[in-house]
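We name chains A, B, ... by the order of the sequence lines, and we start the count at 1 in each one.
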Amino acid sequence: MTNNVTRRDWLIGGSALAGTMLVSKMAAAQTVPAANLNPTPENPIRAGFNENVYGHSLKAKKVMVKAAETAHLYDFFSQRVLNKVISEMENLPGDHIAIENGSTPFLEKAAYACAIKQGKVLTTNPTYSSVPGTAKQLGLEVIAVPVGEDMGVDLDTMRAAMTDDVKLVYLCNPNNPIPSIIEKNALRDFCIEMSKRALVLIDEAYYEYVDNPDFASMKDLVTDNPNIIICRTASKIHGFAGVRIGFAFAHPDTLRLITGPFNLSLNNVAVAGAIESYQDMEYQNFIKQKNRESMDILENMFEELGLRYIKSNSNFAFFHAGRPSTEVAEALKKRGILSGRPFPPFTDWVRMSTVKPEEMQYVVDVYKQLFA
Amino acid sequence: MTTNLTRRQWLAGTTTVAASSLLLSGVKASAQTFMAPNVNPTAENPIRAHLNENSYGQSLKARKAIADAADDAHKYAFEDIFKLIGLMAKLQDIPKEYVGIGAGSTEFLEKAAVFNALDGGDLLLPTPTYGDIGRFSRSLGSNLIEVPVGEDMAINLDAMRRAMTKNVKLIYLCNPNNPIPTIIEKNALKEFCNEFSPQATILIDEAYFEYVDNPNYESMIDLVKENKNIIVTRTASKIHAFAGTRIGVCYANPDIIKRMFSLFANTLNLSAMRGAYASYQDFEYQNFLKQKNKECQKIIYKMLDDMGLEYKESNANFLFFNAGRPSKEVAETMKKHHILTGREFKPFTNWVRLSLSKPEEMQLFADIYKREFG
Ligand SMILES: Cc1ncc(COP(=O)(O)O)c(C=O)c1O
Ligand SMILES: Cc1ncc(COP(=O)(O)O)c(C=O)c1O
């Protein structure tokens with residue numbers, strides 16, 4: 001496990017190899033956790049939740065250990081530092097940026113804001129279910145326009161489905177569970193147009209993974225269009241799923257609807273870690289690279305087995321297994337591999353998150369044994 | 001700092017006075033270490049007596065659980081929340097369906113404000129009180145009915161009763177209150193809750209619950225068990241020292257819990273949950289902090305008595321006293337000595353809210369205060 005660490009592997013952290021790497025001296029500031037090549041139901045390969053299985057940047061880890069010493073204090077200062085880092089990085093005014101415990105709080109509060117206006121939600125299906133799920137729980141009507149033939153978000157049909165009752169339009173770009181993107185110019189027009197009639201929330205959770213000339217973040221729109229909200233998260237490429245940092249970009253008046261007056265709600269360790277992680281480009285590039293390697297392994301299998309799949313712009317794949325995804329999930333689970341839950345109506349399709357390339361190869365081998 | 005550890009200080013220790021020196025010294029130092037008092041405050045490292053934090057830091061057991069969780073932090077913490085809910089249910093002897101966990105209690109206050117706005121209701125609350133729910137309600141467009149505290153500076157239930165209208169769908173009561181650390185007499189409160197919970201949700205914010213040592217006080221959690229329309233919120237930010245870690249607990253009937261917590265309970269920090277799981281079971285530490293808090297209260301009471309200044313007996317980890325001069329002036333002066341005190345609370349602009357940190361630090365405060373204003 002320790003013998004074939006490449007230069008790039010140094011970049012990331014984990015306890016498993018830490019000691020050895022320090023001794024080896026060459027080890028930049030980073031070490032890497034070993035791949036899990038003997039998965040069991042108790043210690044599975046987690047290809048089910050679109051997490052970053054490499055864990056945090058070591059730079060982030062280091063400051064997080066230190067920040068634990070302030071765990072008993074309300075720390076407003078660090079939040080402002082993080083705000084400034086993001087503000088400079090995204091070229092947005094600081095008052096257009098809000099920080100929360102992941103992006104979920106913003107998604108839920110956008111649904112609340114819609115409910116307060118007694119509006120309906122317009123979205124696509126399938127998509128990430130936090131907004132439509134929360135809206136339904138609040139008793140709101142959700143207009144969910146099916147994705148098109150190409151399984152991409154169908155903006156024209158959504159436009160046709162728009163009514164004056166709709167007070168929130170939610171789109172996930174790249175989408176989830178289908179890792180497609182929406183073409184940038186079409187999306188920009190759509191956002192501007194819809195924002196005249198409703199709040200428009202573009203969830204860019206997987207933004208950092210996209211490598212596609214047809215994609216663009218819609219963040220530039222927030223300065224001139226008060227009804228547009230962009231959400232981002234540290235849960236994906238930064239590995240913060242269990243740490244919790246997320247962002248909303250919007251006009252200050254709109255942010256007020258989806259953030260409380262006292263921003264007490266942040267974990268100091270999370271804030272300190274995010275400040276480092278967002279500036280650690282080397283680490284982010286490394287994760288992107290690893291993601292690409294794993295995605296190639298998966299897509300090669302799809303090609304080889306002749307399975308239909310959607311080109312991924314993200315850290316997960318969506319492919320047509322030709323059998324119920326629940327059946328695939330059960331069989332894989334027995335072999336210590338977690339895969340995505342069913343996403344109706346695409347019940348024969350499987351969402352598989354990338355894991356480390358070594359683990360991805362293992363997943364592919366098992367999949368072929370089981371189903372090829 | 002490591003040289004003169006008194007009996008009390010065994011339990012303490014910044015990271016420098018940590019385990020090793022204590023263990024080597026042969027003293028049987030329970031399992032705990034914590035931050036040493038800051039008796040030489042500086043501008044960079046002031047005494048923080050302004051935000052009602054717990055200056056001792058977290059229980060060692062919590063700190064260990066948090067550190068051990070670091071390697072799992074890239075995962076969504078789906079299972080830990082159920083474990084923590086189970087513990088909170090057990091500790092309060094209430095079914096799990098009545099428990100919600102959040103990133104601090106602020107989350108519940110804000111959600112309650114949202115649901116009230118959704119129902120188109122007004123918010124009835126005392127003033128002064130903790131301001132989060134009022135401010136958020138206002139930004140959501142809700143109408144506020146604010147009822148001043150009584151002559152005795154305690155929350156005035158009778159006046160609130162008179163101010164009640166049928167548009168009120170949410171009543172906020174902070175018990176103990178903040179910035180005035182008074183409590184509401186238990187029977188009167190129970191009666192009030194029974195009277196109004198049929199027509200409005202009553203949120204009882206028990207952030208300072210653990211510090212109360214007063215026979216006239218009672219948590220309203222029993223009314224929650226009776227399925228009343230009541231939300232009791234608690235926080236790990238105070239006695240558990242989780243202000244920058246973020247765990248809050250809310251107790252309410254299952255219908256309310258279901259409304260407050262959507263399907264996606266993945267907004268919580270995994271190490272915070274594991275830390276809370278350890279901290280809430282560390283009674284030794286909680287008792288120690290309660291005792292320290294009392295010592296702090298005594299020191300400041302003595303100062304106030306010596307100086308003949310009016311104050312409210314505290315049921316929490318802070319005091320509220322009449323400085324006889326603007327609290328802003330006090331804050332400015334004390335800041336020069338690197339001691340931070342509470343902000344201004346209108347209309348009590350001559351009253352100072354002082355958070356109780358450590359006895360040694362409070363003694364320093366008292367000495368300087370007497371020198372400056374005595
Ligand atoms: C599209 C999308 N948005 C938001 C989230 C939730 O993210 P966070 O962890 O920031 O709350 C996810 C998580 O899977 C997601 O896929
Ligand atoms: C009465 C009261 N409620 C709630 C809070 C906020 O607590 P939390 O840190 O749990 O969000 C405070 C913090 O000072 C408070 O005084």
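A:V243 and B:N269 get closest at one heavy-atom pair: O-ND2, 2.9 Å. Minimum heavy-atom separation, B:K75 to A:E51: CA-OE2, 3.3 Å. Residues A:K236 and B:Y76 approach most closely at NZ-OH, 3.0 Å, considering heavy atoms. Nearest heavy atoms, B:D71 versus A:K61: OD1-NZ, 3.5 Å. A pairwise comparison of heavy atoms in B:H74 and A:A241 identifies O-CB, 3.3 Å as the closest pair.
When side chains are defined from C-beta on, A:Y74 does not count as touching B:N52, because their heavy atoms never get closer than 4.5 Å. Residues B:E110 and A:K109 form a side-chain contact, since some pair of their non-hydrogen atoms from C-beta on lies under 4.5 Å apart.
With values rounded to the nearest 0.5 angstrom, B:L270 atom CG is found 13.0 Å from A:F240 atom CZ. To the nearest 0.5 angstrom, B:F115 atom CZ is 9.5 Å from A:I116 atom CD1. For the atom pair OG (B:S139) and CD1 (A:I258), the distance works out to 11.5 Å, reported to the nearest 0.5 Å.
Neither the backbone nor the side chain of A:L107 has a heavy atom closer than 4.5 Å to any heavy atom of chain B. Looking at A:R256, the atoms closer than 4.5 Å to chain B (heavy atoms on both sides) sit in the backbone and in the side chain alike. Of the atoms belonging to B:L51, heavy atoms from both backbone and side chain fall under 4.5 Å from chain A. Proximity to chain A is limited to the side chain of B:R48, based on heavy atoms less than 4.5 angstrom apart. If you measure heavy-atom distances from B:A272 to chain A, the contacts under 4.5 Å come from the side chain alone. Interface residue B:S55: only backbone heavy atoms are found under 4.5 Å from chain A.
For the side chain to side chain contact (heavy atoms under 4.5 Å, CB included) criterion with B:T245, the lone passing option out of A:L73, A:N267, A:V269 is A:N267.
Judged as a side-chain contact (heavy atoms from CB on, under 4.5 Å), and not counting sequence neighbours, the contacts of A:D75 are A:F77, A:S78, A:N268. B:A241 meets the side-chain contact (heavy atoms from CB on, under 4.5 Å) test with A:H72, B:N54, B:Q58; sequence neighbours excluded.
A:Q137 places a side-chain N or O within donor-acceptor distance of the main-chain N or O of B:K258, the cut-off being under 3.5 Å.
Each of B:R259, B:H240, B:R138, B:K111 has some count of heavy-atom pairs under 4.5 Å with chain A, and the biggest count is that of B:K111.
Heavy-atom contacts from other residues, nucleotides or ligands closer than 6.0 Å to NZ of A:K117 number more than 12. For CD of A:Q118, the number of neighbouring non-hydrogen atoms (other residues, nucleotides, ligands) closer than 6.0 Å is 12 at most.
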